[in-house]
Amino acid sequence: MESLIVSIYVFTLAVFIGFELITKVPPLLHTPLMSGSNAISGITVVGALLAANANNWKVSTILGVLAIAFAMINVIGGFMVTDRMLGMFKKDKKTEKGA
Amino acid sequence: MMIYLEQFTYLLASALFIIGLKFLGSAKTARRGNQYAMMAMAIAIVITLVVSGIAGPVQIIVGMVVGGLIGGVVAKKIEMTSMPQMVALFNGFGGIASTLVAYSEYLEPTTLPVTLDVNITLILSLFIGTVTLTGSLIAFAKLQGLMPGRPMVLPMHQVLNFLLMVGVVIFGVMYVMAPDVPMWPLLIIAAAAVFGVTFVIPIGGADMPVVIALLNSYSGLAASATGFVLSNNVLIIAGALVGASGLILTQLMCDAMNRSLFNVLFGAVGTDDSTGDAGTGGGEQKTVTRYTAEDAAMIMDTVQSVIIVPGYGLAVAQAQHVLHEMAEMLTSRGIDVKYAIHPVAGRMPGHMNVLLAEANVPYDVLYEMDDINDEFQNTDVALIIGANDVVNPAARTKKDSPLYGMPILNVDYARTVMFVKRSMGAGFAGEANPLFFDDKTMMVFGDAKAVVTGLVKSLKEE
């Protein structure tokens, strides 16, 4: 039970930090924010690695392997597409010079 | 000793996630922020592998490579117009990963004996993960056009939802009392799967930005719930950050439409997804003045300032690039060109900004609604392309309109209002736009790409 309490503490504080950080993100960046946070939610891969890490082919191991694959789609796909998008955002060179 | 190394490394990863998100908050540092988050993920994965000792390397490598390859190919190939679908689908993958991990943990617990709190968080993890999965699949199907975008309401829909929730609670209690009976967790998963479907099908296509943001939040909460099951703080923290982020975006989208989340989720608002309306005019007796692209180009030649209001119709017609060309031409003639972006332009939060960025439109000429609304009155031309509801003045005055109270772009204050539109059809909300009939309004009918291309051509000839 004690670990549950600690978990709830950590969760609650992290939610507050999340609210603080995200409120400041301008609408310009909302789509990359979503695809980026999508990649972050792929952190489940850590749990999946633990579940798949066994020297057998029990159902639990296979489920873990599937979970690794799904989470890795999120991680790699999410980070790469976010990077691709952010690479497109450019400042106007002309106005920079003109101003 | 290893446990300390592991915990401190997870702490480092969590901190990097937080710093990454902070940097994502500014256009200058956003790319670096994403890289920090990437690093955090890599660190978390490596330390997990190192500390747990790789017992069965083959399956782990296969899982990572297969998933990574699929993700990489999708990320490279995906069209920017399809970003909402991709995010919807990826949300679902996050959900199913959580469900799979939780169920695997149920079959082979990492720590024995399994305590009550682990069992409760396991139920939560199974439930949230599965709802995220099936809900996201429906959202994906609606956005991809695999299923109609209009709201689908079953008979006794809310009763059904309520019964499903009651079912989950009952199955959960039964599970906690007899964790060895394999039926209960499976029933929880089944009920959650149905609930995910019934939760999203009554939501109309136009409300999808809200739903994707909400499911984004759920995918984070699912990861967090898995973290509770495994008592793993980096999962809890990263999941909570995503959960908070999704919730904020959900709220922002609701505010931009002046709707409550409750109304979006249960109101079944909206008609079909298509922007064009079959009937032109919808029985309106008033007349509109039709113009051609050449007429529009002649006007453009005499003005000093233009504000472009892009809507999703622009993206559908793939007219972003030619629009940018036109804007460049106008700018080179000394005309002040700005873009006004409504928060719900496009199909997901911030979507229109990405679509324009792809067409090389610099982000510092993209203005948010609140920053540009006062400028319309000093502007010669408001050029609206493929948008309607977000500029409909009925939102200010017509109390019985579904749009009433929604913040809009004040295009009607500009000296001339130019609409480029396929037809007279109303927008998602089905509300006629009185601005079409205004004396200062020029209606240019046609496909956005064809019209803007015509505009560019005429401008060149002069």
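Chain letters run A, B, ... following the sequence lines, proteins first and then strands; every chain starts at 1.
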Max heavy-atom pairs within cutoff under 4.5 Å with chain B, candidates A:Met80, A:Met34, A:Lys58, A:Glu20, goes to A:Met34

With distance as the sole criterion, is a donor-acceptor pair present between the side chains of A:Ser37 and B:Asn216 under 3.5 Å? yes

Mark yes or no for whether B:Ser104, through its side chain, and B:Leu100, through its backbone, hold a donor-acceptor pair below 3.5 Å. no

Between A:Ile73 and chain B, which part of the residue has a heavy atom less than 4.5 Å away: side chain, backbone, both or neither? both

Contact leader toward chain A among B:Ser98, B:Gly220, B:Ser231, where contacts are heavy-atom pairs under 4.5 Å: B:Ser98

So what's closer than 4.5 Å to chain B heavy atoms on A:Val46: side chain, backbone, both or neither? both

Could you look at A:Val45 and say if it's the side chain, the backbone, both or neither that has a heavy atom under 4.5 Å from chain B? side chain

Which atoms of B:Gln251 are under 4.5 Å from chain A, going by heavy atoms: the side chain, the backbone, both sets, or neither? neither

Contacting region of B:Leu249 [heavy-atom separation from chain A under 4.5 Å]: side chain

Using a 4.5 Å cut-off on heavy atoms from C-beta on, say whether the side chain of B:Tyr339 contacts that of B:Ile341. yes

Examine whether an atom of A:Ala39 lies under 4.5 Å from a heavy atom of chain B, and if so say whether it belongs to the side chain, the backbone or both; otherwise answer neither. backbone

Need one label for B:Leu69: side chain, backbone, both or neither, based on atoms under 4.5 Å from any heavy atom in chain A. neither

First locate atom CD of B:Gln35, then atom CG of B:Leu16, and finally report the distance between them rounded to the nearest 0.5 Å. 12.5 Å

B:Ile45 versus chain A, the contacting section by heavy-atom distance below 4.5 Å: both

For each of A:Leu63, A:Thr23, A:Val25, tally heavy-atom pairs with chain B at distances under 4.5 Å, and name the one with the top tally. A:Leu63

Give the member of B:Gly63, B:Gly227, B:Gly243 that has the highest number of heavy-atom pairs under 4.5 Å with chain A. B:Gly63

Flag the one option from A:Gly18, A:Pro26, A:Gly78, A:Ala67 with the top tally of heavy-atom pairs under 4.5 Å to chain B. A:Ala67

Honestly, the part of B:Glu368 sitting under 4.5 Å from a heavy atom of chain A is side chain

With a 4.5 angstrom heavy-atom cut-off, could you sort out which part of B:Ile18 is near chain A: side chain, backbone, both or neither? both

Given that the side chain runs from C-beta out, which part of B:Leu366 has a heavy atom under 4.5 Å from chain A: side chain, backbone, both or neither? side chain

Checking the side chain of A:Thr61 only, and the main-chain atoms of A:Ala52 only, is there a donor and an acceptor separated by less than 3.5 Å? no

Suppose we screen for ring pair (Phe, Tyr, Trp, His ring centres under 6.0 Å). Which residues come up paired with B:Phe23, at least two apart in sequence or across chains? B:Tyr36

When heavy-atom pairs shorter than 4.5 Å are enumerated against chain B, which of A:Ile8, A:Thr82, A:Thr12, A:Asn74 gives the highest number? A:Asn74

With chain A, the option among B:Val74, B:Val73, B:Leu230, B:Ile96 that has the most non-hydrogen atom pairs under 4.5 Å is B:Ile96

Look at A:Ile43, A:Leu33, A:Leu13 and state which one has the largest set of heavy-atom pairs under 4.5 Å with chain B. A:Ile43

Assert yes or no for the condition that the ring centre distance of B:Tyr106 to B:Tyr103 is strictly below 6.0 Å. yes

Where on B:Met41 is there a heavy atom nearer than 4.5 Å to chain A: the side chain, the backbone, both, or neither? side chain

Chain A interface, residue from B:Thr99, B:Ile70, B:Leu235 that has the most non-hydrogen pairs under 4.5 Å: B:Leu235

Residue part contacting chain A, namely of B:Ser224, when any heavy atom lies under 4.5 Å: side chain

Any side-chain heavy-atom pair from A:Met88 and A:Pro32 closer than 4.5 angstrom? no

Could you grab the distance from atom OG of B:Ser219 to atom CG of B:Leu133, nearest 0.5 Å is fine? 11.5 Å

Would A:Thr44 and B:Thr226 count as having a side-chain donor-acceptor pair, cut-off 3.5 Å? no

With a 4.5 angstrom heavy-atom cut-off, which part of B:Ser26 approaches chain A: side chain, backbone, both or neither? backbone

Side chain, backbone, both or neither of A:Ile40 within contact of chain B (heavy atoms, under 4.5 Å): both

Who among A:Val15, A:Val59, A:Asp83 has the most heavy-atom pairs with chain B under 4.5 Å? A:Asp83

At a heavy-atom distance under 4.5 Å, which candidate from B:Arg31, B:Lys22, B:Glu108, B:Met80 has the highest pair count against chain A? B:Arg31

What I'd like to find out is whether the side chain of B:Val344 reaches to under 4.5 Å of the side chain of B:Pro349, using heavy atoms alone. no

Test item: B:Ser125 side-chain N/O and B:Thr121 main-chain N/O as donor-acceptor pair under 3.5 Å: no

Please name all residues satisfying ring pair (Phe, Tyr, Trp, His ring centres under 6.0 Å) with B:Phe228, sequence neighbours left out, ordered by chain then number. A:Phe11

Where does B:Met64 contact chain A at under 4.5 Å (heavy atoms): side chain, backbone, both or neither? both

Let's test your reading of the structure: which of B:Leu247, B:Asn91, B:Asn232 forms the most heavy-atom pairs below 4.5 Å with chain A? B:Asn91

Okay, side chain of A:Arg84, backbone of B:Ala75: is any donor-acceptor separation there less than 3.5 Å? yes

Counting N and O atoms only, with roles assigned by atom type, does the side chain of B:His351 sit under 3.5 Å from a partner on the main chain of B:Arg347, one being a donor and the other an acceptor? yes

Using non-hydrogen atoms and a 4.5 Å limit, figure out which bit of B:Asn34 sits close to chain A: side chain, backbone, both or neither. both

Heavy-atom distances under 4.5 Å only: say whether B:Ile120 touches chain A with side chain, backbone, both or neither. neither

Under 3.5 Å, side chain of B:Ser217 to main-chain N/O of B:Ala213, donor-acceptor pair present? no

Report the relative orientation of the aromatic rings in B:Tyr363 and A:Phe89; use parallel for angles under 30°, tilted for 30 to 60°, perpendicular for over 60°. perpendicular

